[in-house]
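In what follows, a structure is listed as structure tokens, so that the remarks can point back to it.
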Amino acid sequence: MNKASRAAAAFVTLFLLGGCATLEPADTDRVAFGTFNLISNGHEITLGDGPAQRNASIHVRDTFRQHLYSGRVGDDGRFALSLPSGNYVIETIAFEHHGETIESPANFRFNVPDALSSVYIGAVTLEATLDSGIYGVIGTADRYTISNECSDGCERALNALGLPSAKSGVSLMSWDHQMASNR
């Protein structure tokens, strides 16, 4: 299968899984993938398109070219983005709550290396306190956590995406804000 066919197959697979929707066309067939979990008021929220479920999406910006990419989170919490190699920041994570879209700033950075065809960027969990009031949703993003849930090399996730595991790697998201200083 040539490079163009692999790119088209990966895009179709990602589109059908609901995991990829880019705003700018990618000039390569590299894929960055991970998972998103939402915990609202102490309860894990089911993501998806049903009436009792909530849609979620990840908004990523290329730090050099400033292109914006957006990926939909699937029912199983997985997302995948077709991206050129480079450095990226997850600017926001958006989700629905009682009919309103909540967009929480994230500012997580990751890298998509030239040498890899796919890269696992981690599992991000947002714990939030949300309540609906007279004037709409009142809430706080209590805590983000990032973990590596791909100790097996992400074989199952790569198979679901139709990607080979031979040229896959890990580039976990990081948060580059300084929390304290020693003066």
Side-chain angles (χ1 to χ4, degrees), residues 1-38 47-49 54-96 101 103-126 144 146-150 152-176:
M1 188 182 286
N2 65 26
K3 187 174 183 176
S5 297
R6 281 194 325 264
F11 178 77
V12 169
T13 301
L14 294 172
F15 181 77
L16 291 174
L17 290 174
C20 182
T22 60
L23 298 177
E24 297 286 338
D27 61 2
T28 182
D29 59 348
R30 287 176 186 81
V31 175
F33 65 99
T35 58
F36 170 65
N37 304 299
L38 176 61
L47 300 172
D49 290 325
R54 299 180 187 169
N55 292 318
S57 58
I58 307 289
H59 305 284
V60 177
R61 185 168 304 276
D62 179 322
T63 61
F64 179 71
R65 293 178 289 273
Q66 296 298 307
H67 290 162
L68 181 64
Y69 301 86
S70 181
R72 190 176 146 271
V73 177
D75 297 352
D76 57 0
R78 284 193 252 175
F79 62 88
L81 298 151
S82 179
L83 302 170
S85 60
N87 295 309
Y88 294 88
V89 62
I90 295 178
E91 290 187 341
T92 60
I93 299 174
F95 59 91
E96 291 180 7
T101 300
E103 198 161 355
S104 179
N107 202 31
F108 297 119
R109 299 186 179 279
F110 65 94
N111 178 277
V112 177
D114 245 352
L116 300 175
S117 61
S118 61
V119 63
Y120 172 70
I121 62 173
V124 61
T125 300
L126 169 59
Y144 274 111
I146 298 171
S147 61
N148 182 352
E149 295 180 356
C150 236
D152 64 351
C154 291
E155 199 72 35
R156 190 174 57 128
L158 288 167
N159 287 337
L161 294 170
L163 299 171
S165 60
K167 292 186 119 187
S168 183
V170 174
S171 178
L172 287 182
M173 296 174 268
S174 64
W175 196 35
D176 62 351

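As the structure is a computational prediction, the values presented were derived from the model and not from experiment. Numbers here simply count residues along the sequence, with the first being 1.
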To the nearest 0.5 angstrom, please state how far the OG atom of S104 sits from the CG atom of L38.
9.5 Å
Between the CG atom in N107 and the OG atom in S174, the distance rounded to the nearest 0.5 Å is 9.5 Å
For residues I93 and Y144, determine if any side-chain heavy atom of one lies less than 4.5 Å from a side-chain heavy atom of the other.
yes
Does any part of the side chain of L172, heavy atoms only, come nearer than 4.5 Å to the side chain of Y120, both counted from C-beta?
yes
Could you measure the distance from the CG atom of L47 to the CZ atom of F36? Nearest 0.5 Å is fine.
6.5 Å
CE/M173 to CG/N148 distance, rounded to the nearest 0.5 angstrom?
10.0 Å
If we ignore hydrogens and angles and just use 3.5 Å, is the side chain of T63 paired with the main-chain N or O of N87 as donor and acceptor?
yes
Would you check if the distance from the ring center of F79 to the ring center of F33 is below 6.0 Å?
no
In the structure I gave you, are the side-chain heavy atoms of R30 and L83 within less than 4.5 Å of one another anywhere?
no
Closest heavy-atom contact between A94 and H59?
CB-NE2, 3.7 Å
Least distance between heavy atoms, T35 atom then A123 atom
OG1-CB, 3.0 Å
Just by distance, do the side chain of S171 and the backbone of N111 share a donor-acceptor pair under 3.5 Å?
yes
Looking only at heavy atoms, which two atoms of L158 and S118 are closest? And how far apart?
CD2-OG, 3.4 Å
Minimum heavy-atom distance between S85 and D114, given as atom pair plus value
OG-OD1, 2.8 Å
Quick one: which of I121, I90, L68 gives a side-chain contact (heavy atoms from CB on, under 4.5 Å) with V60?
I90
Under the side chain to side chain contact (heavy atoms under 4.5 Å, CB included) criterion, do L126 and F95 qualify, and how do the steps go?
CA-CA 11 Å; L126 169 59; F95 59 91; 3.6 Å; yes
Side chains of H67 and P84 in contact at under 4.5 Å (non-hydrogen atoms)
no
